[in-house]
Amino acid sequence: MVATQSRKVLPSLGGADISLRAVVESTIGFGIFIKFLLIESLVFYLLSFIDGIEVHLGITPGSLIPSFKIWTLFTYALIDVHVWTLFRNLLFLFLAGKYVEPLWGSLELLLFYLITNTVSGLWVTLLYLLSYMSAGNEEWLFETHVCGMSAFIGGILVAMKQLLPEEVISSLPFLHIRVKHLPFTLLVVTLIFVLLGLSRMPSLLLYICGTLVSWIYLRFYQLHTNTRGDLSDGFTFASFFPEFAQPAVAVVANTVHKALVKVGICKKMVKRYDVGAPSAITLTLSPAERADNDRRRQLALKALGERLEHSSGGQSSNNDWDGLESVATTSSTSGAGDSKNSSSGAILDSVVVQSSA
């Protein structure tokens, strides 16, 4: 999304209005896909009280392939049987409609939904098949019904971590949470609910698989203007874990990545240093990293535009926008020198940091 073609701004969680009126107004402005998911969550929660609906719409690991119930890969996410998961779904669907869909669009979000849910459903089914092969418990094949939107909820949190990693959710003295902490935090909460009997094991497995599938898609395969994926250092697999565990996780993740590079599944990230530069060392990024820096620069411009609107009471002048657009055009077209891109990116980053402080 190019800043010179759109004047949408990226909202800030820190200044979010959570009044009932603001929630209703935001919901009305959502795209058609998020509206559909919100209505579907409410309707199918009521339908979940019908006996046997999980058998017909949920995934039964022992019946998915032998009975050719392939449609359950697309319907299992419609059914949630716990009231707490209903409120969880509504909350994070609202966040997706407010912060993800405006940047991606309904079609990209629909594609993300289909990939996350279908692949996660297949992975969870495979886990139960492997568990049956190792333990021989037939209940895991025919008495287990996989259902719920946990996989997509995990995907939403991964997308928000990519787009708004440093936004503060809670700034209490004893609880300081940023968006980048949400995926791991919800994992712990879901695990606690499973241990207390308030949720079921398939929900936890769906959340883990959905988080992993969505990260793989956004990291390596999501199509951007000139490249695929997001190879930034702030979106590594280790960054999803607490800081004390990140070094150990990084070692394992890097080992797996190197193995995948050798077999041709992933591509190696290339950096080139020009030590012959007269003034300083010049770092040349790969096309994927350069595109990611450009994308983050556009997000910084959007955040700056929102700050200007708030500071002027919502009445920003055309001259302000023209100035922003000229900056965006200059930073996007100055690819002749990497040092120019780096300096403009640093200026924008400093603006975002100052506006967030």
- Message: Quick check: closest heavy atoms across Pro202 and His145, and the distance to 0.1 Å?
- Response: CG-O, 4.3 Å
- Quick one: list whatever passes side chain to side chain contact (heavy atoms under 4.5 Å, CB included) with Val43, sequence neighbours left out. Ile39, Leu47
- Are side-chain heavy atoms of Thr211 and Leu187 found at a separation under 4.5 Å? no
- Note on the structure: d(Phe235 CZ, Asp230 CG) to nearest 0.5 Å is 6.0 Å
- Item | Cluster link Leu126 to Ile208, ILVMFWY, side chain under 4.5 Å | no
- Message: Less than 4.5 Å apart, side chain to side chain, heavy atoms only: is that true for Ile34 and Leu109?
- Response: yes
- Query: Of all residues at least two apart in sequence or in a different chain, which pass the ring pair (Phe, Tyr, Trp, His ring centres under 6.0 Å) check with Phe33?
  - Reply: Tyr113
- Query: Is the CG atom of Leu107 crowded by more than 12 outside heavy atoms at less than 6.0 Å?
  - Reply: no
- Message: Assess the residue pair Val158 and Leu212 against the criterion (side-chain contact (heavy atoms from CB on, under 4.5 Å)); give the C-alpha distance rounded to whole Å, side-chain angles, the decisive distance to 0.1 Å, and a yes or no.
- Response: CA-CA 9 Å; Val158 172; Leu212 185 58; over 6 Å; no
- Item | Presence of salt bridge, Glu54 and Arg200, under 4.0 angstrom | yes
- Message: I'd like to check the side-chain hydrogen bond (donor to acceptor under 3.5 Å, both in side chains) partners of Tyr132; sequence neighbours left out, ordered by chain and number.
- Response: none
- In Å and rounded to the nearest 0.5 Å, what is the CG to CG distance from Leu182 to Leu95? 8.5 Å
- Tell me whether Tyr221 is reachable from Val256 by hopping between hydrophobic residues (I, L, V, M, F, W, Y) whose side-chain heavy atoms are closer than 4.5 Å. yes
- Residues passing the salt bridge (charged side-chain N to carboxylate O under 4.0 Å, His left out) test with Lys180, sequence neighbours excluded, are Glu166
- Would you call Cys209 and Leu127 a side-chain contact if the rule is heavy atoms closer than 4.5 Å? yes
- Task: Could you list the residues that satisfy side chain to side chain contact (heavy atoms under 4.5 Å, CB included) with Asn137, not counting sequence neighbours?
- Result: Glu139, Trp140
- Query: Going hydrophobic residue to hydrophobic residue with side-chain gaps under 4.5 angstrom, can you get from Leu114 over to Leu93?
  - Reply: yes
- Query: Hey, mind stepping through Tyr128 and Val124 against side-chain contact (heavy atoms from CB on, under 4.5 Å) and telling me if it holds?
  - Reply: CA-CA 6 Å; Tyr128 275 104; Val124 172; 3.7 Å; yes
- Query: Can you list the residues that meet the side-chain hydrogen bond (donor to acceptor under 3.5 Å, both in side chains) rule with Ser150, with sequence neighbours excluded?
  - Reply: Arg88, Ser203
- Listed by chain and number, what are the side chain to side chain contact (heavy atoms under 4.5 Å, CB included) partners of Ala250, not counting sequence neighbours? Ala238, Asn254
- Message: If you apply the rule side-chain contact (heavy atoms from CB on, under 4.5 Å), what do you find for Leu186 with Phe92, and how did you get there?
- Response: CA-CA 11 Å; Leu186 190 58; Phe92 289 112; 4.1 Å; yes
- Is any side-chain heavy atom of Tyr217 closer than 4.5 Å to a side-chain heavy atom of Val119? no
- Item | Minimum heavy-atom distance between Gly121 and Leu73, given as atom pair plus value | C-CD2, 4.0 Å
- Task: Could I get the full list of side-chain hydrogen bond (donor to acceptor under 3.5 Å, both in side chains) partners for Ser239, not counting sequence neighbours?
- Result: Lys161
- Step by step, would you call Val100 with Phe112 a side-chain contact (heavy atoms from CB on, under 4.5 Å)? CA-CA 11 Å; Val100 180; Phe112 182 70; over 6 Å; no
- Note on the structure: When every non-hydrogen atom of Ala159 is compared with those of Trp104, the smallest separation belongs to CB-CH2, 3.6 Å
- Item | Arg219 (side chain) donor-acceptor with Ser232 (main chain) under 3.5 angstrom | yes
- Task: Please check if the side chain of Glu143 supplies one atom and the backbone of Glu138 the other of a donor-acceptor pair under 3.5 Å.
- Result: no
- Aromatic ring pairing Phe240/Trp215, orientation class (parallel under 30°, perpendicular over 60°, tilted between): perpendicular
- Query: According to a 4.5 Å side-chain heavy-atom criterion applied to Ile, Leu, Val, Met, Phe, Trp and Tyr, with indirect links allowed, do Leu206 and Ile70 form part of one hydrophobic cluster?
  - Reply: yes
- Item | Short side-chain to backbone donor-acceptor contact, His56 and Ile53, under 3.5 Å | no
- Item | With Phe44 via ring pair (Phe, Tyr, Trp, His ring centres under 6.0 Å) - residues at least two apart | none
Check residues 77-87 and write down every donor-acceptor pair under 3.5 Å in which the side-chain atom is one partner and the other belongs to a residue at least two apart or another chain.
| from | atom 1 | to | atom 2 | distance (Å) |
| --- | --- | --- | --- | --- |
| Asp80 | OD2 | Asn89 | ND2 | 2.5 |
| Asp80 | OD2 | Met149 | N | 3.3 |
| Trp84 | NE1 | Leu198 | O | 3.4 |
| Thr85 | OG1 | His82 | O | 2.5 |

- What closest approach, in Å, do Gly97 and Pro102 show between heavy atoms, and which atom pair accounts for it? O-CD, 3.3 Å
- Item | CD1-OG1 distance between Ile59 and Thr72, expressed to the nearest 0.5 angstrom | 5.0 Å
- Item | Spacing of Glu167 atom CD and Tyr99 atom OH [to the nearest 0.5 Å] | 7.5 Å
- Query: Applying side chain to side chain donor-acceptor pair (under 3.5 Å), which residue pairs with at least one partner in residues 34-49 are found, sequence neighbours left out?
  - Reply: none
- Side-chain donor/acceptor of Tyr76 to backbone N/O of Asn117, under 3.5 Å: yes
- Task: Kindly work out whether a path of hydrophobic side-chain contacts (I/L/V/M/F/W/Y, heavy atoms less than 4.5 Å apart) joins Phe237 to Leu260.
- Result: yes
- Note on the structure: Distance col, row Thr144:OG1 vs Met201:CE, nearest 0.5 angstrom, shows 10.5 Å
- Look up atom OG1 in Thr60 and atom CG in Leu141, then write down how far apart they are to the nearest 0.5 Å. 10.0 Å
- Can you sort out the partners of Thr190 under side-chain hydrogen bond (donor to acceptor under 3.5 Å, both in side chains), two or more places apart, ordered by chain and number? none
- Report yes or no: does Ser134 contribute a side-chain atom to a donor-acceptor pair with the main-chain N or O of Ser131 at less than 3.5 Å? yes
